[in-house]
Number of protein chains: 2
Amino acid sequence: MIAMKRPTIADIAQRAGVSKGAVSYALNGQPGVSPATRQRILAIAEEIGFNPNSAARALSAATSNAIGLALRRPARILGIEPFFMELISGVEGELSARSYALTLQVVATVEDEVAVYRRWWGERRVDGVLICDLRVDDERIPVLDKLQLPAVVIGGPTHTGNLSSVWSDDAAALVETVEYLAALGHRRIARVGGLPDLLHTEIRSQAFADASKRLGMTEAITVSSDYSGEEGARATRRLLSNSRRPTGIIYDNDVMAIAGLGVAQEMGLAVPGDLSIVAWDDSPLCQLVHPALTALGRDIPAYGALAARTLLAAIAHEPTASFQAEPSRLTPRGSTAPPRRA
Amino acid sequence: MIAMKRPTIADIAQRAGVSKGAVSYALNGQPGVSPATRQRILAIAEEIGFNPNSAARALSAATSNAIGLALRRPARILGIEPFFMELISGVEGELSARSYALTLQVVATVEDEVAVYRRWWGERRVDGVLICDLRVDDERIPVLDKLQLPAVVIGGPTHTGNLSSVWSDDAAALVETVEYLAALGHRRIARVGGLPDLLHTEIRSQAFADASKRLGMTEAITVSSDYSGEEGARATRRLLSNSRRPTGIIYDNDVMAIAGLGVAQEMGLAVPGDLSIVAWDDSPLCQLVHPALTALGRDIPAYGALAARTLLAAIAHEPTASFQAEPSRLTPRGSTAPPRRA
DNA sequence: CTGAAAGCGCTTACAG
DNA sequence: CTGAAAGCGCTTACAG
């Protein structure tokens with residue numbers, strides 16, 4: 001068999017006895033062809049297994065039908081956080097329905113990340129990007145704004161410049177958690193927070209401080225970390241070595257919470273008897289350990305899908321806004337209980 | 001400020017006083033321009049921040065400068081396995097040096113996966129693809145072959161049809177592990193394997209059976225699972241409920257090993273006293289738990305980089321071959337010890 | 001070494 | 001409703 005040239009709209013036009021323009025209109029659901037002609041064209045396209053050349057389409061329509069996602073975390077940490085893969089699968093659910101592709105890039109620094117955006121936009125590789133890990137004073141925002149690259153922030157809702165965002169109410173979730181621990185009888189609680197310059201860390205820290213003060217907690221400190229297990233373990237060790245150690249700890253991710261559980265066991269403390277543990281971003285990991293971890297969870301794929309829809313709307317120049325996803329909900333499991341009387 | 005049109009080679013040509021063709025040659029390092037002209041063109045391109053339109057380049061060069069990766073795992077499982085993110089970061093290290101992009105797609109079924117390949121290739125979205133999770137009788141192989149879509153298999157080295165592959169010697173790693181457990185004094189060991197229709201599962205199962213027989217193990221059974229924590233826990237419970245329970249278990253991934261550790265603790269068995277645990281695909285997760293897990297690890301980013309290089313060579317029509325990556329190496333930690341005398 | 005031109009496969013005004 | 005044609009921004013033979 002001779003290697004066949006891939007079919008083009010010219011082939012379809014020839015077989016249907018119409019112009020290439022008519023084929024284009026028919027294929028794209030545009031007006032300009034009669035229903036009968038459209039049917040015929042569609043049937044031929046289907047029959048010969050036609051797929052439009054994305055480069056040709058991109059070149060003439062000035063649209064790439066791809067969106068970009070740059071992830072700036074060390075591979076070591078990226079891999080063990082289920083968050084991103086779940087987010088990605090939600091994003092793709094939305095994209096593939098419209099034949100959009102996702103271009104992914106792992107970057108090391110914010111300079112690299114910004115360079116990737118410039119290159120992608122300059123090359124017309126993507127029609128827009130999704131931004132993660134919003135910072136309090138985020139240098140990406142002005143760059144994106146200047147570039148006029150359509151972008152949606154996953155996070156916020158403040159500090160997003162002119163960009164739309166999708167966000168969930170972390171403060172509310174944290175208040176719910178502190179109230180839950182207070183109701184169990186905890187008076188000394190701590191929090192192992194994520195990277196301190198991330199906006200959502202700031203929001204959570206503030207909510208934690210406010211809620212614990214309001215509820216009459218005698219101590220309520222936040223220790224910063226980088227989401228890695230090692231840092232989570234180190235922070236836990238420091239907290240538990242204190243003579244007035246906390247009876248409950250809230251962790252900003254699942255990985256650190258699991259590391260914290262390991263440290264407690266290593267130090268001979270019973271969970272939940274001596275220490276209650278709450279993990280943010282519930283994931284299957286939380287149910288792998290013993291006891292299973294009480295966790296704050298949300299539908300991350302739905303969050304990603306919302307972000308993708310918002311970005312697609314921005315790309316289509318539809319009026320967009322910032323959207324609030326559902327807040328994280330607390331699922332009590334075996335790692336939380338009233339504190340044992342000293 | 002007026003929104004500026006993005007610069008094209010025509011702009012550069014005009015400013016340099018040469019033809020577009022000369023600009024193209026200069027930019028792509030082709031012969032056909034004098035060193036002085038090339039310098040001048042490059043300087044102008046740099047100055048005005050020129051990036052070639054990827055669609056135009058793709059259309060005329062019939063190359064997309066992107067490769068595709070379709071991942072077929074439920075989002076739930078994909079997220080908690082560090083393997084893929086580490087693989088991806090290794091792949092990208094190789095791609096970004098050559099300005100190649102990675103197009104990622106999460107799929108649910110093999111039919112969807114094959115449909116994605118057809119569409120990508122039909123649309124000329126990608127120049128080649130990387131294939132994971134090779135099966136014993138893999139329907140993707142003949143499709144890719146027929147499509148003439150350049151592809152490299154991550155896995156093998158057998159059952160890859162005409163495709164090149166990168167692989168590591170799982171059998172050797174498993175033999176090393178069984179020998180290690182035997183040297184510690186274990187006589188009854190078990191294995192919780194991955195999906196049974198994956199080729200590497202088959203290879204590991206065979207090696208496990210052979211090695212344990214050769215070393216005089218009285219019992220050495222493999223239980224199949226799907227890599228999820230729930231299945232790992234269930235398999236562990238079943239194995240440990242046996243009156244002649246194993247004193248050591250090898251798990252095909254980290255997640256199941258951690259779940260198994262949880263089950264042992266739940267059943268009141270000491271690890272490593274009553275049960276030794278070995279995890280495949282060492283990851284930071286293995287050091288999160290207490291005791292830390294003895295694990296088989298390899299440099300996954302390097303594995304991904306090798307795969308990317310091989311695919312790029314295949315795309316460039318360079319002669320390619322299958323490459324063997326380093327085998328997994330065993331890192332003993334706290335979860336393995338001589339079995340306690342019953 | 002350089003220029004002029006065709007062509008990649010689409011989309012989209014513009015005429016009929 | 002349909003056709004003929006220009007144009008998107010590159011690459012690449014083909015002449016000079």
Side-chain angles (χ1 to χ4, degrees), chain A residues 4-42 44-45 48-66 99 119-125 127 316, chain B residues 4-42 44-45 48-66 99 119-125 127 316:
Chain A
M4 274 187 299
K5 228 174 118 299
R6 206 148 304 138
T8 69
I9 56 168
D11 300 320
I12 298 177
Q14 193 189 350
R15 290 176 69 142
V18 298
S19 70
K20 293 191 302 173
V23 174
S24 177
Y25 291 134
L27 257 21
N28 294 310
Q30 304 277 23
V33 281
S34 66
T37 306
R38 185 184 303 270
Q39 272 309 319
R40 194 151 40 93
I41 289 170
L42 255 22
I44 292 171
I48 65 178
F50 172 77
N51 285 111
N53 179 308
S54 62
R57 169 173 278 181
L59 185 57
S60 54
T63 170
S64 67
N65 289 318
S99 247
R119 184 165 59 77
W120 275 349
W121 191 230
E123 294 181 348
R124 286 293 198 201
R125 278 260 192 199
D127 294 333
Chain B
M4 276 187 300
K5 229 174 117 300
R6 206 148 302 139
T8 69
I9 56 168
D11 300 319
I12 298 176
Q14 192 190 350
R15 290 175 69 142
V18 298
S19 70
K20 292 191 302 171
V23 174
S24 176
Y25 290 135
L27 256 22
N28 294 310
Q30 304 278 23
V33 281
S34 66
T37 307
R38 186 185 302 270
Q39 272 310 320
R40 196 151 39 93
I41 289 170
L42 254 23
I44 293 170
I48 65 178
F50 172 78
N51 286 111
N53 179 308
S54 61
R57 169 172 279 180
L59 185 58
S60 53
T63 170
S64 67
N65 290 317
S99 246
R119 184 164 60 76
W120 276 348
W121 191 231
E123 294 181 349
R124 286 292 198 200
R125 278 262 192 197
D127 294 334

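Chain letters run A, B, ... following the sequence lines, proteins first and then strands; every chain starts at 1.
With a 3.5 Å ceiling on both atom-pair distances, the Watson-Crick or G-U wobble partner of C/dG3 is D/dC14.
Across C/dG3, D/dG9, C/dA13, the shortest atom-to-atom separation from the side chain of B/Ser60 is found for D/dG9. Here D/dC8 is the nucleotide among C/dC1, C/dC14, D/dC8 with the atom lying nearest to any side-chain atom of A/Leu59. The side chain of B/Thr37 sits closest to C/dT2 out of C/dC10, C/dT2, D/dG9. The A/Ala56 side chain lies nearest to C/dC10 when the options are C/dT12, D/dG3, C/dC10. Ranking D/dT11, C/dA4, D/dT12 by closeness to the B/Ser19 side chain, first place goes to C/dA4.
The CD1 atom of B/Ile12 sits 15 Å away from the P atom of C/dG3 (whole-angstrom rounding). For the pair A/Asn51 CG and C/dG9 C1', the computed distance is 13 Å after rounding to whole Å. Taking atom CZ on A/Arg57 and atom P on C/dC8, their separation rounds to 19 Å, with Å as the unit. One atom, NZ of A/Lys20, and another, C1' of D/dC1, lie 19 Å apart when rounded to the nearest Å. Following rounding to the nearest Å, B/Leu27 (CG) and D/dT12 (C1') show an atom-to-atom distance of 15 Å. The separation between A/Tyr25 atom OH and C/dC10 atom P is 15 Å, rounded to whole Å. When rounded to the nearest whole Å, the span between CZ of B/Arg125 and P of C/dC10 equals 13 Å. B/Arg124 places its CZ atom 9 Å from the P atom of C/dG9, with the value rounded to the nearest Å.
In A/Gln14, the CD atom is not crowded: 12 or fewer heavy atoms of neighbouring residues, nucleotides or ligands sit closer than 6.0 Å. Within a 6.0 Å radius of CD in A/Gln39, no more than 12 heavy atoms belonging to other residues, nucleotides or ligands are found.
Listed pair A/Asn28 / C/dT11 meets the phosphate criterion, a side-chain N or O lying under 4.0 Å from OP1 or OP2. One finds a side-chain N or O of B/Ser24 lying less than 4.0 angstrom from the OP1 or OP2 phosphate oxygen of D/dT11.
A/Arg124 and B/Asn53 get closest at one heavy-atom pair: CG-ND2, 3.8 Å. Scanning all heavy atoms of the two residues, the minimum distance from A/Arg125 to B/Ser99 falls at NH2-O, 3.2 Å.
Using a 4.0 Å heavy-atom distance criterion, A/Ser34 is classed as a sugar-phosphate-only contact. Residue contacts shown for B/Thr8 are limited to sugar-phosphate atoms, with no base heavy atom under 4.0 Å away.
Comparing B/Ala61 and A/Gly21 by the nucleotide of DNA chain C that holds the closest heavy atom to each, the one mapping nearer the 5' end is B/Ala61.
Between the OG atom in B/Ser34 and the CZ atom in B/Arg40 there is a gap of 7.5 Å [rounded to 0.5 Å].
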